[in-house]
Amino acid sequence: MNKRIVDILKTDPPKEISVSGWVRSFRGNRFISLNDGSCLASLQVVIDSDKLPHELVSNLNNGASILATGRLISSQGSGQSVELQAEEIKIYGKSSQEELQKTILQPKRHSLEKLREQGHLRMRTNLFGAVFRIRHHMAYAINKYFNDNGFFYIHTPIITGTDAEGAGETFRVTTLPVGKNNIDNSKDFFGKPTHLTVSGQLEAELAALALGKVYTFGPTFRAENSNTTRHLAEFWMVEPEIAFADINDDINLGEEFLKYLINYALTNCKEDLQFLNDRANKEESQLPKDKRNELSLLERMNMVTENDFERITYTEAIDILLRSKPNKKKQFKYEVAWGVDLQSEHEKFLVEKHFKKPVVIVDYPESIKAFYMKRNDDGKTVAAMDILFPGIGEIIGGSQREERYDVLEQKCKEFNVPKDAIWWYLETRKFGTVPHAGFGLGFERLMMFVTGMNNIRDVIPFPRTPNNAEF
Ligand code: 4AD
Ligand code: MG
């Protein structure tokens, strides 16, 4: 295998090398901009067209894949430190001249919508190359953080017979013939109704009650028909679960973890982040002033790593919202009242206008949160916590878990959670139950924050959303 461009750019010239990649542009019958995806930068490959077969030169159009061999030298031009003076070019695969016009490989500005429609090619652009390299680094950092801190990676099932969040927004899994009404579940593959998991939490709890500190990191599925810029039907969730821990340990872990991940990106994804930062600044300069971000991408990231997150209770959040200007001026679409779930407009106000930094809200009313959350002594709130980020809203949702068997059993009744579906979950409260807590981080929400991309469809390689499962 040949050297990757990321390494070639760090090589001291002169040196004989071969390099493979895709043509990004070909100018003046002389300069090929060659990219192999290993980094944002392309390598300048200089050819002497007169010394190469005419047929070959005429096929060096955008998107073609080539092997170039020659001498790496210090660059004569500005804009790059080294360039390759190629003596030999081999074309692996041509790029269809007739059809190129229709594709996003054409080097000009394309809308994000158009890039999404060509999801099979969009990773070849600078923008999506940067996004998906960062996505890799974030996934790695997640595993590294947990490994370095004594957590074990647990693989929880994707097909489940329980709906952890109780929200009824699941995708069914079945081998029964399509379109049959009156489905006899006992004849189905698993002998009972099953669906794609919405969360690995319940199984992660079982593991935490044996291994101490664990995490899951896998795909989760929700059939919410909300076509927003922050929801996917298939998304990746990171769910740590810690035994012998309370809600404050949980919040501390969430804050430290997020800061670690953002710092990791700042240190290890410099070139791609700078590119995304500058791109966003340029895009925003076209917008009216009130639509622009007050801070740039890099400033927002530094703001998060340098500040303590604000911690308030749900009750305090409601008070702030009730006293707020937009509430008095009736600018909120949804009602603010104790007992009602916060809407994204409320979260936005708290994070972006009031505190101007990440906010952790704890102790939500019991009725608006999941059955497994620990009932507080006041009898009406639970030890739940959401971490809200600027521009994103809820990035983490978690809680201390109800570890008392009798209370949990009662809550199952109140929330209509059938005991026989989660008998195994209840059993853990009978044998050595302990205070424990955990949370779920939406991986794509993190990716939105770290890349500055505004639509969640642009931070996952192949998004699944209502009416869209292409590629
Ligand atoms: O708040 P959620 O629903 O929490 C749980 O599922 C818990 N079982 C987690 C736990 O305690 N182990 O989801 C967790 C996070 C949200 O804060 C959000 O970041 C993300 O998952 N999320 C989504 N991301 C993309 N598309 C969706 N449809 C999402 N729904 C939730
Ligand atoms: Mg939530």
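Keep in mind the model is a prediction, meaning the values are calculated, not measured. Read the numbers this way: they start at 1 and go in the same order the structure lists the ligands and their atoms.
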Please list, chain by chain and in numerical order, all residues satisfying side-chain contact (heavy atoms from CB on, under 4.5 Å) with [X], sequence neighbours excluded.
{"X": "K430", "result": "Y405, E427"}
{"X": "N277", "result": "Q274, N281, S296, L297, L298"}
{"X": "N376", "result": "D363, D378, T381, A383"}

Do [X] and [Y] sit within salt-bridge range, that is, some charged N less than 4.0 Å from a carboxylate O?
{"X": "R401", "Y": "E403", "result": "no"}
{"X": "K413", "Y": "E409", "result": "no"}
{"X": "K374", "Y": "D246", "result": "no"}
{"X": "K357", "Y": "E310", "result": "yes"}
{"X": "E283", "Y": "R109", "result": "yes"}

Just jot down the ligand 1 atoms closer than 4.0 angstrom to any heavy atom of [X], in number order.
{"X": "I395", "value": "17 (O), 19 (O)"}
{"X": "R230", "value": "25 (C), 26 (N)"}
{"X": "G397", "value": "1 (O), 9 (C), 10 (C), 11 (O), 17 (O)"}
{"X": "G442", "value": "15 (C), 19 (O), 20 (C), 21 (O)"}
{"X": "E224", "value": "27 (C), 28 (N), 30 (N)"}
{"X": "I456", "value": "25 (C)"}
{"X": "Y372", "value": "7 (C), 8 (N)"}
{"X": "R401", "value": "10 (C), 11 (O), 12 (N)"}

Checklist entry - Can an N or O of S399 be found at a distance shorter than 3.5 Å from an N or O of ligand 1? => result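 No - when backbone and side-chain N and O of S399 are compared with those of ligand 1, no distance drops under 3.5 Å.
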Checklist entry - Between L232 and ligand 1, does any nitrogen or oxygen pair lie at a separation below 3.5 Å? => result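 Between L232 and ligand 1, an N or O pair is found under 3.5 Å apart.
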For ligand 1, indicate whether the residue [X] contacts it via side chain, backbone, both or neither (heavy-atom separation under 4.0 Å).
{"X": "H231", "value": "both"}
{"X": "E394", "value": "both"}
{"X": "E241", "value": "neither"}
{"X": "D386", "value": "neither"}

Next on the checklist: Determine whether the aromatic ring centres of residues F332 and H346 are separated by less than 6.0 angstrom.
Outcome noted: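 Yes - the distance between ring centres of H346 and F332 falls below the 6.0 Å cut-off.
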Next on the checklist: Determine whether the aromatic ring centres of residues Y153 and F217 are separated by less than 6.0 angstrom.
Outcome noted: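 Between Y153 and F217, which both carry aromatic rings, the centre distance is not below 6.0 Å.
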Checklist entry - What orientation do Y140 and Y264 show, parallel under 30°, tilted 30 to 60°, or perpendicular over 60°? => result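 Correct class here is tilted.
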Checklist entry - Parallel, tilted or perpendicular: which describes the rings of F309 and F389, with under 30° parallel and over 60° perpendicular? => result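 F309 and F389: perpendicular rings.
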Checklist entry - Which residues and atoms, protein N, O or S only, are under 2.8 Å from the Mg ion (ligand 2)? => result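 Listed by chain and number: E394 OE2.
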Checklist entry - Which heavy atom in N307 sits nearest to a heavy atom in K259, and how many Å separate them? => result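 So the minimum-distance heavy-atom pair works out to O-NZ, 2.9 Å.
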